[in-house]
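Below is one structure, written out as structure tokens, with a few remarks after it.
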Amino acid sequence: MSRLDSFIRRLEAQRSLLDWAAASIGDRPGLVLEVGLGNGRTYDHLRQKLPGRDIYAFDRANNANPASVPPPDRLLLGDFFDTLPEFARQRPGQAVLIHADAGLGDPAANVIQVRKVAAMVPALAASGAIILSDQRFEHPDLLLQDAPVPIPPNRYYVFIRK
Ligand SMILES: C[S@@+](CC[C@H](N)C(=O)[O-])C[C@H]1O[C@@H](n2cnc3c(N)ncnc32)[C@H](O)[C@@H]1O
């Protein structure tokens, strides 16, 4: 498979799962967290699918397309390892959907980051919350689900917060 094919499959998996998750949370009250704003593509998708929902985005710096920058009070800039625990202190267990798209290119650094992000997610999420991630989390409070929509295997992961 070419890198282009692989990239397209990743984006298709993202979109299918974001659509499924947005429909699944329905009108359940709670926050949506975008962990890894990046260019803002998936943030933009979520805000279109979830009009009126409080969506908070996290990233080291704002490099989003100008059309996809969250309002200043919904954009938390800095290292996840500072901003996510602080957010969890202020808004514990209030997220009904967390989308984490924060994999790193360096495999060794990625292993450490994934472990640390996985450890921070449960404090952010309400019981029953949906967590979508480009990385596989290993945490006793995050229950890995079979993909609810057809996506290529091991491309994206779905968890439910216990
Ligand atoms: C793959 S991009 C996200 C792409 C985004 N979902 C989109 O559709 O445009 C991952 C983002 O995570 C951010 N990131 C990775 N590790 C981070 C960390 N430890 N703290 C803060 N941001 C981090 C990077 O700056 C990058 O913008």
Side-chain angles (χ1 to χ4, degrees), residues 1-25 31-51 53-91 95-125 129-139 142 147-149 151-159:
M1 183 190 302
S2 72
R3 288 181 51 227
L4 178 62
D5 287 334
S6 175
F7 183 61
I8 289 169
R9 291 179 84 172
R10 174 180 142 74
L11 295 187
E12 285 178 344
Q14 257 184 346
R15 183 181 56 189
S16 298
L17 287 173
L18 290 173
D19 288 351
W20 166 79
S24 297
I25 63 171
L31 309 177
V32 171
L33 308 184
E34 171 79 340
V35 179
L37 175 67
N39 177 278
R41 281 189 206 96
T42 49
Y43 167 77
D44 186 52
H45 196 73
L46 281 170
R47 71 178 174 180
Q48 287 193 26
K49 293 286 167 186
L50 296 166
R53 179 75 68 164
D54 278 341
I55 305 177
Y56 288 83
F58 299 78
D59 209 301
R60 200 183 298 289
N62 175 19
N63 290 310
N65 181 295
S68 305
V69 179
D73 63 337
R74 298 286 189 275
L75 177 56
L76 292 107
L77 297 179
D79 196 290
F80 295 149
F81 307 118
D82 298 320
T83 54
L84 292 176
E86 179 56 28
F87 193 84
R89 268 191 288 279
Q90 292 177 15
R91 314 285 301 265
V96 290
L97 170 59
I98 299 176
H99 174 225
D101 183 16
L104 300 175
D106 172 355
N110 193 47
V111 168
I112 296 168
Q113 168 133 309
V114 172
R115 197 179 303 133
K116 289 167 83 175
V117 172
M120 296 188 297
V121 163
L124 296 160
I130 295 169
I131 293 100
L132 304 179
S133 174
D134 69 323
Q135 304 293 315
R136 183 175 171 138
F137 293 149
E138 303 284 350
H139 191 286
L142 302 176
V149 288
I151 59 166
N154 303 324
R155 184 67 51 155
Y156 236 77
Y157 301 91
V158 181
F159 305 87

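Atoms within each ligand, like the ligands themselves, are counted from 1 in listed order.
In this structure, R155 CZ and D134 CG are separated by 11.0 Å, a value rounded to the nearest 0.5 Å. Here NE2 of H139 is found 11.0 Å from CE of M120. Values are rounded to the nearest 0.5 Å. Atoms CD1 and CG, from I55 and L37 in turn, are 11.0 Å apart once rounded to the nearest 0.5 Å. Put simply, CG on D82 and CG on L76 are 11.5 Å apart, with the number rounded to the nearest 0.5 Å.
The nearest heavy-atom contact from the protein to atom 20 (N) of ligand 1 is F80 N, 2.9 Å. Protein heavy atom in closest approach to atom 13 (C) of ligand 1: D59 OD1, 3.3 Å. Among all protein heavy atoms, the one lying closest to atom 22 (N) of ligand 1 is R60 N, 3.0 Å. The protein heavy-atom contact nearest to atom 5 (C) of ligand 1 is L37 O, 3.3 Å.
Ligand 1 has at least one atom lying under 4.0 Å from a heavy atom of G78. In this structure, F81 is part of the shell of residues with a heavy atom less than 4.0 angstrom from ligand 1. In this structure, H45 falls outside the shell of residues with a heavy atom less than 4.0 angstrom from ligand 1. Contact annotation: D79 has at least one heavy atom less than 4.0 Å from an atom of ligand 1.
Using a distance-only test at 3.5 Å, with no hydrogens or angles considered, no donor-acceptor pair links the side chain of Q135 to the main chain of V114. No donor-acceptor pair closer than 3.5 Å links the side chain of D101 to the backbone N or O of G36. Between the S6 side chain and the S2 main chain, no donor and acceptor come within less than 3.5 Å of each other.
Taking only non-hydrogen atoms, the option from Q113, K116, R10 nearest to atom 16 (N) of ligand 1 is Q113. For the residues D101, V117, I112, the heavy atom positioned nearest atom 6 (N) of ligand 1 is part of D101.
More than 12 heavy atoms of other shown residues, nucleotides or ligands fall within 6.0 angstrom of atom CZ in R74.
At under 3.5 Å, a nitrogen or oxygen of G40, whether backbone or side chain, sits near a nitrogen or oxygen of ligand 1. The N/O atoms of R41, backbone and side chain alike, include one that comes under 3.5 Å of an N/O atom in ligand 1. For ligand 1, none of its N or O atoms has an N or O atom of L104 under 3.5 Å away. Considering backbone and side-chain atoms together, H99 places no N or O closer than 3.5 Å to any N or O of ligand 1.
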Check against side chain to side chain contact (heavy atoms under 4.5 Å, CB included), Q14 and T42: CA-CA 8 Å; Q14 257 184 346; T42 49; 3.4 Å; yes
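Using a 4.0 Å cut-off between charged side-chain N and carboxylate O, R9 and E12 make no salt bridge.
For ligand 1, the atoms closer than 4.0 angstrom to any heavy atom of E34 are 6 (N). Near N39, meaning under 4.0 Å from any of its heavy atoms, are these atoms of ligand 1: 9 (O).
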